[in-house]
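All remarks here apply to the structure that follows.
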Amino acid sequence: FIEQYLSAKSLLSPQFYSTVTSYASVANVSSSFPSNTLSQPASNSNAQDFVNLIETKDIYFSSDRYPLGIFLMSIFLYLDSTIAIPLYIISLLALLLLATLYAAKVMKVNALLLASLILGVYTIRYTILFNGTEALSMGLLIIFASALLEESELSGIVLAAACLAKYNNLIFLPMLLLFKNKGKRNASFALFALCTLPWLIFNFVLFGSPIHSYLADYTETSLNYVNQGADLVQSFLGLIGYPFELVEVVLYPILAVLL
């Protein structure tokens with residue numbers, strides 16, 4: 001919740017928007033000139049420049065964070081900053097409950113039975129108390145699946161929201177092809193694109209690439225998996241007496257390519 005809270009506070013700061021505006025105008029002017037920097041992509045250097053700029057103004061904003069949770073948190077901060085986090089947690093619980101009831105209605109199953117499966121202790125503890133992003137993503141995906149079963153083109157809007165809650169939900173985008181009605185299928189894709197467009201424009205204006213945040217999140221996640229895998233192999237090699245240098249020389253390049 002800490003990063004969401006700090007980023008949400010930035011959204012309520014006029015200084016954040018003045019910084020965004022001034023940086024965007026400078027970035028657009030500088031992008032018209034050829035760059036001599038070949039060591040990193042322009043979007044990465046733009047992102048770092050922007051982060052460095054806002055840090056000098058005591059504003060926190062991470063370019064690889066999911067925007068929907070931050071936006072919701074900013075709403076609760078605006079309403080009452082003293083209870084913003086409790087309100088955010090309550091809203092996540094309400095979302096999961098409404099998603100469960102909607103899914104039970106669409107699938108024609110007992111709502112209490114489905115709620116007992118979805119709203120278990122593990123779900124509440126892990127997806128809400130430890131990581132609110134997971135609960136937001138989970139609730140929206142349940143609603144998306146239910147709307148898809150109902151052949152509702154509004155499923156495109158819900159999926160777009162789920163993807164803005166967590167980027168790896170993009171893997172569910174091909175499911176919109178399951179619409180039997182061609183008109184509804186096209187409408188769902190159009191609504192998805194329309195709802196995603198503002199975030200793509202924001203990325204392009206600030207970082208020079210409309211998918212910068214998606215790539216940054218993927219890179220961070222991949223590195224986490226590489227490190228976790230290397231730690232496991234390191235422990236195993238230590239048990240059987242092999243040096244850790246094997247991990248650095250052999251395993252890291254393999255995992256980096258696979259992920």
Side-chain angles (χ1 to χ4, degrees), residues 4 11 24 43 63-76 88 91-119 123 127-128 131-218 221:
Q4 286 185 334
L11 292 184
S43 61
S63 63
D64 60 347
R65 293 301 94 191
Y66 314 120
L68 185 59
I70 295 172
F71 177 73
L72 291 177
M73 180 72 80
S74 68
I75 294 176
F76 296 124
Y88 183 71
S91 70
L92 294 179
L93 284 169
L95 174 65
L96 284 175
L97 179 60
L98 292 174
T100 302
L101 294 176
Y102 179 41
K105 175 186 175 183
V106 172
M107 295 187 293
K108 296 181 173 59
V109 299
N110 186 281
L112 289 177
L113 176 62
L114 190 60
S116 66
L117 295 174
I118 295 178
L119 302 176
T123 302
T127 67
I128 296 180
N131 190 346
T133 299
E134 300 292 341
L136 183 59
S137 170
M138 180 178 175
L140 290 170
L141 285 179
I142 293 173
I143 296 175
F144 162 68
S146 303
L148 193 62
L149 289 174
E150 281 195 322
E151 290 275 323
S152 172
E153 58 268 30
L154 295 179
S155 57
I157 297 177
V158 182
L159 181 59
C163 292
L164 293 175
K166 198 165 187 182
Y167 296 140
N168 56 9
N169 289 332
L170 281 168
I171 63 173
F172 297 106
L173 183 58
M175 292 183 67
L176 294 178
L177 294 172
L178 296 177
F179 276 102
K180 298 177 182 178
N181 185 290
K182 183 178 179 181
K184 288 187 175 183
R185 182 168 62 246
N186 294 338
S188 66
F189 275 107
L191 290 172
F192 174 88
L194 186 63
C195 293
T196 309
L197 185 60
W199 184 239
L200 298 179
I201 294 175
F202 180 85
N203 273 268
F204 179 76
V205 170
L206 284 184
F207 310 127
S209 169
I211 59 173
H212 166 79
S213 294
Y214 298 89
L215 295 178
D217 176 70
Y218 175 77
T221 303

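All residue numbers in this chain count up from 1 along the given sequence. Source: prediction; values computed, not measured.
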Smallest separation among heavy atoms of V158 and L140, with atom names: CG1-O, 3.2 Å

Ring geometry between Y167 and Y214 (parallel below 30°, tilted from 30 to 60°, perpendicular above 60°): tilted

Side-chain heavy-atom pair L136, Y88 within 4.5 angstrom cut-off: yes

side-chain contact (heavy atoms from CB on, under 4.5 Å) assessment of I211 paired with F204: CA-CA 8 Å; I211 59 173; F204 179 76; over 6 Å; no

Spatial distance of atom CG (N186) from atom CZ (F189) [nearest 0.5 Å]: 8.5 Å

Least distance between heavy atoms, N169 atom then L159 atom: O-CD1, 4.0 Å

Minimum heavy-atom distance L114-A103, with the two atoms named: CD2-CB, 3.9 Å

Identified side chain to side chain contact (heavy atoms under 4.5 Å, CB included) counterpart of V106 within the set L149, L101, L148, I143: L149

S155 side chain reached by L176 side chain, heavy atoms, under 4.5 Å: yes

Over 12 non-hydrogen atoms of neighbours within 6.0 angstrom of CZ in F71: no

Shortest non-hydrogen separation from Y102 to E150 and the atoms involved: OH-OE1, 2.6 Å

K184 side chain to S152 backbone, donor-acceptor under 3.5 Å: no

Closest non-hydrogen atom pair between F192 and C163, with its separation: CE1-SG, 3.9 Å

Worked check of side-chain contact (heavy atoms from CB on, under 4.5 Å) between L72 and S91: CA-CA 9 Å; L72 291 177; S91 70; 5.7 Å; no

Side-chain donor/acceptor of T100 to backbone N/O of L96, under 3.5 Å: yes

Nearest heavy-atom neighbours spanning T133 and A165: CG2-O, 3.0 Å

Residue pair S213, F202: steps toward the side-chain contact (heavy atoms from CB on, under 4.5 Å) verdict: CA-CA 10 Å; S213 294; F202 180 85; over 6 Å; no

Between CZ on residue R185 and CG on residue L178, distance to nearest 0.5 Å: 9.5 Å

Pairwise distance SG(C195) to CG(L191) - rounded to 0.5 angstrom: 6.0 Å

